[in-house]
Amino acid sequence: MSLASTHRVHFAVGDEHTARGVVDALTEIFFEGQAAIAAFERPDSRWDVTVHFAEPPDQPLVRELVANAAGADIAAGITFDTVEAKDWVKASLEDLVPVPAGRFVVHGQHDRDRIAPNKLGIEIEAALAFGTGHHGTTRGCLLLLDQALKAWRPRRVLDLGTGTGVLAIAAAKALHEKVLASDIDPPSVQVARDNARLNVSGHLVRTVRATGFSAPQFTQSALFDLVLANILANPLRQLAGPMARHLAPSALVILSGLLPHQAPAVIAAYRARGLVPVRHLRIEGWSSLLLRKVN
């Protein structure tokens with residue numbers, strides 16, 4: 001059976017919030033089976049959005065949807081083209097090979113059967129890809145988590161700004177302990193909850209909507225032994241004080257979502273609250289930090 005050529009729409013937006021808005025708008029109009037939508041962050045912090053259609057899309061409609069969600073300038077920069085005959089769903093995932101990070105491997109459903117039995121597979125479907133593991137920040141966090149857990153077993157873990165839930169699921173699978181996962185974005189909370197269930201970790205990953213440490217669940221919980229926060233440099237700096245107050249003695253903190261030139265300011269903010277850097281990874285133009293609370 002031959003496959004028809006697929007029709008591709010591509011454009012770039014300036015930030016994650018806008019990318020989410022565009023993806024939501026397109027998803028509401030184009031049902032599953034009509035379009036495969038993927039959004040990925042670039043090292044310059046812009047986001048690439050690509051949509052694959054089985055049939056030629058209504059170009060004016062696509063431009064109107066993007067203009068409403070992201071502005072006329074973004075809509076004007078949309079490119080429409082046709083790609084070679086192939087499975088058009090796989091076309092949106094063609095670059096998303098399994099990503100190894102120590103004992104962890106982040107993968108899509110199409111690679112489920114290829115994960116070695118001695119690895120901890122984390123299945124994240126990338127059709128709507130925010131934090132799938134195919135980004136230097138997520139991989140950096142997973143590598144630091146793997147390193148930390150080789151010599152230490154935290155009991156109370158928080159994934160702050162969980163996104164798709166990759167880090168929470170990784171910690172839950174490695175530790176077989178309950179993990180609290182929070183995000184400011186309600187759809188992300190639902191996605192993380194769904195992904196935890198997909199990975200047979202729904203009984204371990206507790207998801208909550210929260211801004212920073214403001215939710216009641218944080219005051220009800222004991223102090224955390226490990227916090228993972230893959231967000232952005234400015235929020236990380238602002239959270240240094242509240243985070244330090246929620247940490248147990250000798251707790252570890254893994255931070256990412258910052259560019260290398262932003263790392264010194266983030267390190268300084270946490271050092272002022274009694275946390276010292278243990279390791280600094282640089283992957284694909286992004287920094288990931290491991291810090292320990294010393295006082």
Side-chain angles (χ1 to χ4, degrees), residues 3-96 108-110 123-135 137-138 161-166 183-195 198 207 209 211 230-232 235 257:
L3 293 170
S5 296
T6 70
H7 306 272
R8 182 172 57 189
V9 174
H10 176 262
F11 54 94
V13 298
D15 55 64
E16 180 178 349
H17 177 75
T18 304
R20 288 182 184 274
V22 171
V23 168
D24 289 344
L26 294 173
T27 303
E28 287 179 8
I29 300 299
F30 301 109
F31 299 105
E32 184 177 356
Q34 289 182 299
I37 307 169
F40 299 99
E41 190 174 10
R42 308 188 320 199
D44 64 1
S45 297
R46 288 174 63 78
W47 284 74
D48 283 325
V49 180
T50 303
V51 189
H52 288 268
F53 290 92
E55 302 293 335
D58 182 336
Q59 294 191 16
L61 174 60
V62 172
R63 288 192 189 276
E64 180 182 0
L65 291 170
V66 173
N68 289 338
D73 289 345
I74 299 297
I78 294 174
T79 61
F80 296 87
D81 61 7
T82 303
V83 295
E84 64 184 79
K86 63 173 75 175
D87 183 322
W88 65 275
V89 173
K90 289 182 180 178
S92 69
L93 305 174
E94 58 189 0
D95 295 326
L96 300 184
Q109 181 181 0
H110 54 295
E123 183 173 323
I124 304 292
E125 204 49 60
L128 303 178
F130 295 91
T132 61
H134 298 80
H135 191 275
T137 60
T138 308
T162 190
T164 57
V166 169
D183 203 285
I184 192 174
D185 180 50
S188 291
V189 174
Q190 184 61 51
V191 168
R193 184 178 299 125
D194 292 343
N195 282 331
L198 174 67
T207 55
R209 182 185 179 277
T211 302
N230 181 10
I231 42 180
L232 294 170

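These numbers were taken from a predicted model, which means no experiment stands behind them.
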Item checked: Pairing residues for Thr79 by the side chain to side chain contact (heavy atoms under 4.5 Å, CB included) criterion, not counting sequence neighbours ->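 Per chain and number, Thr79 pairs via side chain to side chain contact (heavy atoms under 4.5 Å, CB included) with His10.
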Next item on the list: Please list, chain by chain and in numerical order, all residues satisfying side chain to side chain contact (heavy atoms under 4.5 Å, CB included) with Pro56, sequence neighbours excluded.
Entry: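 Expected list: His7.
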Checklist line | Residues that Asp48 engages under salt bridge (Lys or Arg N to Asp or Glu O under 4.0 Å), provided they are two or more places apart | finding: Arg42
Check: So which pairs with a foot in residues 184-195 pass salt bridge (charged side-chain N to carboxylate O under 4.0 Å, His left out), sequence neighbours left out?
Finding: Arg20-Asp185, Asp194-Arg197
Next item on the list: Please lay out, stage by stage, how Thr164 and Asn195 fare under the test side-chain hydrogen bond (donor to acceptor under 3.5 Å, both in side chains).
Entry: CA-CA 7 Å; Thr164 57; Asn195 282 331; 4.7 Å; no
Enumerate, atom names and distances included, each donor-acceptor pair closer than 3.5 Å involving a side-chain atom of residues 65-72, sequence neighbours excluded.
{"residue": "Asn68", "atom": "ND2", "partner": "Glu64", "partner atom": "O", "Å": "3.3"}

Item checked: Where Asp183 and Gly161 come nearest, the two heavy atoms and their spacing ->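 Reported closest heavy-atom pair: OD2-C, 3.3 Å.
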Next item on the list: For residues Gly257 and Asn230, report the shortest heavy-atom separation together with the two atoms involved.
Entry: N-OD1, 3.3 Å
Note to self: One pair to check against side chain to side chain contact (heavy atoms under 4.5 Å, CB included): Phe80 and Arg63. What are the steps and the verdict?
What the structure shows: CA-CA 11 Å; Phe80 296 87; Arg63 288 192 189 276; 3.4 Å; yes
Next item on the list: Using a 4.5 Å cut-off on heavy atoms from C-beta on, say whether the side chain of Thr18 contacts that of Trp47.
Entry: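 Counting from C-beta outward, Trp47 and Thr18 never come under 4.5 Å.
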Check: Do Thr207 and Thr162 have side chains that get closer than 4.5 Å, going by heavy atoms?
Finding: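 They are not in contact (no side-chain heavy atoms under 4.5 Å apart), so the answer is no.
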Notebook entry, point to check: Got a second to check how far Thr137's OG1 is from Ile231's CD1, nearest 0.5 Å?
Noted result: 11.0 Å
Note to self: Let me confirm one number: the CZ-CD1 distance from Arg209 to Ile184, rounded to the nearest 0.5 Å.
What the structure shows: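 One finds 6.5 Å between CZ of Arg209 and CD1 of Ile184.
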Margin query: Can you confirm whether Gln190 is buried at CD, in the sense that more than 12 heavy atoms of other residues, nucleotides or ligands lie under 6.0 Å from that atom?
Written below: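 Buried by this count: over 12 neighbours within 6.0 Å.
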Item checked: Those residues that, when tested against Asp73, pass side-chain hydrogen bond (donor to acceptor under 3.5 Å, both in side chains) (two or more places apart) -> none
